[in-house]
Amino acid sequence: MSELTEIFSSRRCVMSPLPQCPWANEMVLNPGVIRAPDTGRLHMLFRATGSGRESGEPPTSDWGYPIFLGYAFSDDDGETWQVDAERPAMCPALATEPKQLMTTDAWGRRTPNFANGCIEDPRLFWFEGECHLIVACRVFAPGAYWMRDDPMQCAPAWASDPGHGLGRGLTENVTVNLIYRVDLGELEARKYDRAFAYVTHLTDPAYGENRDVLLFPRRLEIDRRPRVVCLHRPWEASHYVGGASVTKPSIWYSVADSIGELATDAASHYLLAKPTFDWESNRIGGSAPPIEIEPGRWLISYHGKQDARVGYTQSVMVVEEGGREPLTLRHRCPERLLTPTEDWEQPGKFTTPCLFVTALLAEATGPWRVFYGASDERIGIAECAPGRLLDKVRRYDATGRRLSAADGVSSGMQKRRMSAATPVI
């Protein structure tokens, strides 16, 4: 048995496209998963795309292949899932006129409805005792992106003209990340119109494309006061201090006094990690929400893309709060820990290999569960041995260099704490 097999095991496909479901008959992928503390039920929101017809024939509308969120639940720890195939949990409005594209956030600020065109890549997590959801959105549907990678392919003609005055988010149809509060009771009852309360957008569309936004589940002590911190992956880093020399999409983090300030000039931005190894030479970005493995130390799962042939694979790093910088990178695994190996994980419509983690259920007993999109068409689950995973990543320093025996002796007490740590959830 290989070391990676000992860390990750029992990989299985738990959801595929739903043939008779017009909004999910092409792709289902990238799930967000959370456990209800009162019932133990696992709730899943998943990204879905359909042709708009039960037959699966191409759509006739210009709004082809909008992206929805579907809902499913499991009462047996993820072995089986009950899917609501009748309707999506979240739907893009697909409005086409400028006056229809505005909405209001939790502070009463008017803003474009960035969820108008598509709602992607849900991440479910707890923040200060409440369930929240982060999604990547566009004002206009991206269309059949696996055929033609053009974010504006379904946008109305007027959207490309900066004269509309609604900003770069519309002109270039960039990805903007939104946060919602989630009422799990209403979600379970399938009262979707009451389950989600829009809070605000977390990234600034004026700064261009941004994805893989992950909020830390509690405030971190920074500059002697508790601050809100989130990871993000801007396509253009030149907007941030020190970003002019960062030429490839990298993992940054933003710090602010409140969620409402994260996409404003009140937030500060810091570089956490750049692509370093061959398998991440195109880009890196955060995967599942951070997990506190011991007080002040966080496990961050992340993905790297090498190129269209090797595609997206997964690894982990460990960061620490409370140092000279708001976050300090302590350990970084230089190896790909999860790669597409099963037949159902291989490329199909989306020809680039892609194993994309969006949820990591880390619990005090038993194996952890990793949830991921497989080749943008299916949903997979793998079991993870947390002790072996933490032992693996702590062998390396912040650059991915293997630590020496002397390093191991000097930090032995800390390593024992990590291997025995119960995640702070």
Side-chain angles (χ1 to χ4, degrees), residues 4 6-12 14-15 29-37 40 42-47 72 74 77-79 81 121-127 131-136 182 211-218 230-231 233 251 272-273 284-294 297-304 312-319 331-333 335-339 345 354-374 379-394 418-419 421-425:
L4 295 187
E6 291 178 343
I7 296 174
F8 295 101
S9 61
S10 302
R11 290 160 71 157
R12 62 191 187 280
V14 297
M15 196 179 303
L29 62 150
N30 297 5
V33 177
I34 201 163
R35 188 186 294 278
L42 294 181
H43 297 278
M44 175 192 288
L45 294 171
F46 58 90
R47 173 176 159 182
S74 174
D77 280 341
E79 290 296 322
W81 293 86
D121 300 351
R123 271 85 169 203
L124 285 165
F125 62 101
W126 298 103
F127 179 73
C131 182
H132 285 74
L133 166 71
I134 291 177
V135 283
V182 182
R211 300 187 74 95
D212 305 321
V213 172
L214 306 167
L215 201 68
F216 282 75
R218 64 167 175 81
C230 80
L231 305 177
R233 192 224 67 192
I251 300 176
L272 181 64
I284 59 172
S287 293
I291 295 170
E292 192 169 12
I293 52 177
E294 62 176 280
R297 285 217 167 191
W298 299 85
L299 182 74
I300 295 176
S301 59
Y302 78 100
H303 59 270
Y312 297 82
T313 50
Q314 301 286 324
S315 195
V316 293
M317 60 179 68
V318 173
V319 302
H331 302 278
R332 183 173 179 178
C333 182
E335 300 176 30
R336 299 181 296 166
L337 299 182
L338 267 177
T339 63
E345 295 173 338
C354 183
L355 193 154
F356 199 86
V357 171
T358 44
L360 176 55
L361 194 65
E363 298 182 305
T365 60
W368 292 357
R369 293 175 182 84
V370 180
F371 299 81
Y372 58 94
I379 292 174
I381 299 178
E383 291 190 351
C384 171
R388 293 185 181 276
L389 178 65
L390 296 177
D391 180 67
K392 177 72 174 178
V393 66
R394 74 187 184 199
M418 285 183 66
S419 63
T422 297
V424 182
I425 300 174

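The basis for the numbers below is simple: all heavy atoms, side chains too, and nothing from hydrogens, waters or symmetry mates. On a predicted model such as this, the values are computed, not experimentally measured, just so you know.
- Contact between Pro289 and Leu214 at its shortest, heavy atoms only, is N-CD2, 4.0 Å.
- Residues Cys131 and Leu124 come closest through the heavy atom pair SG-CD2, 4.2 Å.
- Residues satisfying the salt bridge (Lys or Arg N to Asp or Glu O under 4.0 Å) test with Arg233, not counting sequence neighbours, are Asp212.
- Glu383 meets the salt bridge (Lys or Arg N to Asp or Glu O under 4.0 Å) test with no other residue; sequence neighbours excluded.
- Residues satisfying the salt bridge (Lys or Arg N to Asp or Glu O under 4.0 Å) test with Arg336, not counting sequence neighbours, are none.
- At distances below 3.5 Å, not a single donor-acceptor pair connects side-chain atoms of Arg369 with backbone N or O atoms of Ala359.
- By the ring pair (Phe, Tyr, Trp, His ring centres under 6.0 Å) test, Phe216 is found to be paired with Trp298, residues two or more places apart in sequence or in another chain being considered.
- Among all heavy-atom pairs drawn from Met317 and Ala273, the shortest one is CE-CB, 4.0 Å.
- Rounded to the nearest 0.5 angstrom, Ile300 CD1 and Leu272 CG are separated by 5.5 Å.
- Residues Leu337 and Gln314 fail the side-chain proximity criterion, which asks for heavy atoms closer than 4.5 Å.
- Listed by chain and number, the residues in a side-chain hydrogen bond (donor to acceptor under 3.5 Å, both in side chains) with Asn30 are Asp121 (sequence neighbours excluded).
- Ion pair Lys392/Glu6 not flagged as a salt bridge, since none of the NZ, NE, NH1 or NH2 atoms sits closer than 4.0 Å to an Asp/Glu carboxylate oxygen.
- Taking the six-membered ring for Trp and thresholds of 30 and 60 degrees, His303 and Phe356 have ring planes inclined between 30 and 60 degrees apart.
- Here the closest non-hydrogen pair linking Leu215 and Pro290 is O-CD, 3.9 Å.
- Heavy-atom minimum distance, Val357 versus Tyr372: CA-CB, 3.7 Å.
- Here Tyr312 pairs with nothing under the ring pair (Phe, Tyr, Trp, His ring centres under 6.0 Å) rule; sequence neighbours left out.
- Here the shortest heavy-atom pairing between Leu355 and Arg11 reads CD1-NH2, 3.4 Å.
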